[in-house]
Colleague: 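Submitted below is the structure of interest, expressed as structure tokens.
Along the sequence shown, residues carry numbers from 1.
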Amino acid sequence: MNDPRAGIGSFAPEAALFDWVRRKTGDVLLAQAAAVAARAERAGHACAWLPDEGFDQAQLDRLRDSSWVSATVTVAPFVLDEAGRFYVRRNAAAEEAVADALLARATSQAFPVGGSASILAELLPDDASSEQRVAIAGGIGRSLFVLTGGPGTGKTTSLLALLLATLRLRMLSGSSDATRIALAAPTGKAAARMAQALRERLGRLRTTLDSSWQPALKAAAALEATTLHRLLGYRLAGDALPIAADVVAVDEASMVDLGLMRTLLQSLRPDSLLILLGDPDQLASVEAGSVLADIIAAAPGTPLASCVSRLVQSHRAQAAFTRLLDAVRRGDVQSIRGAAEDRAGPLRLKTVPDARTLRGVLHAWLQRHEEVYRGLLKPGLQPRDAMALLRRVQILCALRHGAFGQIALNEAIEDWLRHQHAVRPVTWFPGRVVMITKNDRESGLSNGDIGVVLDNGSGPMVWFEDATDGAGAPRAFAPQLLPPSEAAWAITIHKAQGSEYESIAALLPPASDSLILSRELVYTALSRARHDADLWCTDAALDAALARPVRRAGGLRDRLLRRSQ
């Protein structure tokens with residue numbers, strides 16, 4: 001560490017922090033540690049692991065002597081714990097607050113649960129649901145319940161059963177107040193999918209439950225889903241008003257970062273039930289932290305153990321797809337290649353080393369799914385039919401920029417549409433698929449919402465699914481009134497979290513040293529598909545991705561374990 005600015009970019013936020021700390025304190029070592037922590041946070045870590053960053057024991061001791069550094073969360077701007085984790089104070093304080101709130105909820109009960117076993121037996125009567133019944137029995141009446149599992153394991157069915165059981169038990173207990181339930185997800189797309197999946201399963205239950213369930217079924221049918229940011233609202237800016245809900249259920253919880261989880265926990269009433277659903281094998285949040293994975297890792301032997309359940313039995317017909325995802329979890333590249341050799345299987349591997357090959361593979365995909373793309377361009381297409389087409393296929397990219405990025409692929413697809421289907425060279429042509437790129441409170445649209453342009457005679461309008469509408473009716477916006485948006489024939493794998501399609505194609509950068517490659521990236525991409533998937537990559541990139549599980553630096557797991565002793 002002879003060069004005080006070694007490894008620090010000229011324009012990155014960490015460079016600005018380095019200069020500010022050095023100017024204020026005259027301590028170059030502290031400035032270096034601060035810059036490393038800022039760089040780590042930008043990469044999604046809650047802290048920097050200084051021993052791995054080249055700091056030796058003598059330097060750690062010098063940092064601990066600084067008045068700007070404390071061993072615990074105090075007024076000092078930085079925290080350096082015994083293990084060598086160096087935090088910007090904000091992240092250390094968030095970990096501490098999240099750990100305390102989770103453990104407080106893990107040891108408290110929201111309401112009595114007498115009779116819950118028979119109620120669950122009615123909701124999940126068959127043997128295939130026994131795993132779900134056992135899993136959620138412990139969640140009824142608690143203040144915290146965490147349900148995890150891969151695609152098709154029944155998380156949504158279990159959530160609906162838990163919500164209906166809660167509604168029924170509170171009604172039977174003579175509660176005079178209606179049970180208030182809030183449903184949320186990190187993105188608008190995930191919220192829409194959550195609401196749609198609950199509506200579908202509720203429709204099936206209506207035919208199996210007797211009339212005594214009608215009040216609970218009616219209450220469940222009126223539930224709305226929204227984005228987590230919209231649910232929290234002004235609480236994100238410090239408003240202390242609690243959420244007016246007896247139950248708050250958050251889907252795709254792996255996407256919830258440390259700061260957002262802190263705000264959520266602080267916004268709940270002490271007697272409410274928080275339900276977190278998610279798949280810990282997916283990509284973690286874009287911002288700092290890996291809260292869901294930390295909760296699950298810390299659960300054994302702590303009060304959290306009785307609050308955490310994992311579903312493993314897949315209820316999907318595609319058993320081969322389940323085995324494929326299990327191989328990705330393990331990083332078993334040979335099993336993945338073997339699955340791709342089965343022509344009747346769900347996976348197709350396409351070797352894509354350069355832009356020219358990519359264009360050929362892309363055109364072959366578009367032609368194979370031309371029914372969908374041609375369908376979106378069909379004059380007079382109705383909004384609900386367009387929404388159904390959007391759920392059928394999707395191209396996913398690891399990158400946003402460059403020849404292998406989302407932007408380049410969207411340009412190539414629209415060029416193909418112009419040549420193959422005589423699409424007019426205008427921005428808002430009928431059938432164009434777009435994604436919102438910025439949250440907009442006024443319109444209710446959120447970053448990641450996907451819509452389609454339709455023109456039924458009165459000019460182009462952009463239609464989106466509405467998760468907050470009890471019937472899931474699409475809603476329309478004039479293009480000029482939309483918040484910032486972009487083409488979405490191809491989207492990033494990160495933006496696809498919370499979505500599900502019949503078929504997907506996932507594109508990885510060809511270079512094996514690309515920093516974005518990870519096992520979780522491949523798993524997240526493939527798990528967006530219900531039926532089949534294409535994986536466009538090189539052998540070297542696939543090997544590198546599967547050999548690289550993401551490990552985020554942070555101390556939440558240790559805090560949960562220490563506070564449980």
Colleague: Is Arg548 reaching over with its side chain to a backbone N or O of Leu517, donor-acceptor style, under 3.5 angstrom?
Modeller: yes
Colleague: Please find the pair of heavy atoms, one from Pro151 and one from Ser527, that lie closest to each other, and give the distance.
Modeller: CG-CB, 3.6 Å
Colleague: So does Arg337 pair up with Asp539, basic N to acidic O under 4.0 Å?
Modeller: yes
Colleague: Take the angle between the ring planes of Trp489 and Phe429 and call it parallel below 30°, perpendicular above 60°, tilted in between.
Modeller: parallel
Colleague: Is there a donor in the side chain of Arg235 and an acceptor in the side chain of Thr263, or the other way round, less than 3.5 Å apart?
Modeller: no
Colleague: Whether the Ser158 and Gln132 side chains hold a donor-acceptor pair (N or O, under 3.5 Å, no angle test) is what I'd like checked.
Modeller: yes
Colleague: Any chance CZ of Arg262 has more than 12 other-residue heavy atoms, nucleotides or ligands included, within less than 6.0 Å?
Modeller: yes
Colleague: Do NZ/NE/NH1/NH2 and the carboxylate oxygens of Glu14 and Arg39 come within less than 4.0 Å?
Modeller: no
Colleague: Say you draw a straight line from CZ of Arg329 to CG of Asp279; how long is it, rounded to the nearest 0.5 Å?
Modeller: 6.0 Å
Colleague: With the threshold set at 4.0 Å, does a side-chain nitrogen-carboxylate oxygen contact exist between Glu520 and Arg552?
Modeller: no
Colleague: Less than 4.0 angstrom from a charged side-chain N to a carboxylate O is my criterion; do Asp532 and Arg348 meet it?
Modeller: yes
Colleague: Do Gln406 and Glu486 have side-chain N/O donor and acceptor atoms under 3.5 Å apart?
Modeller: yes
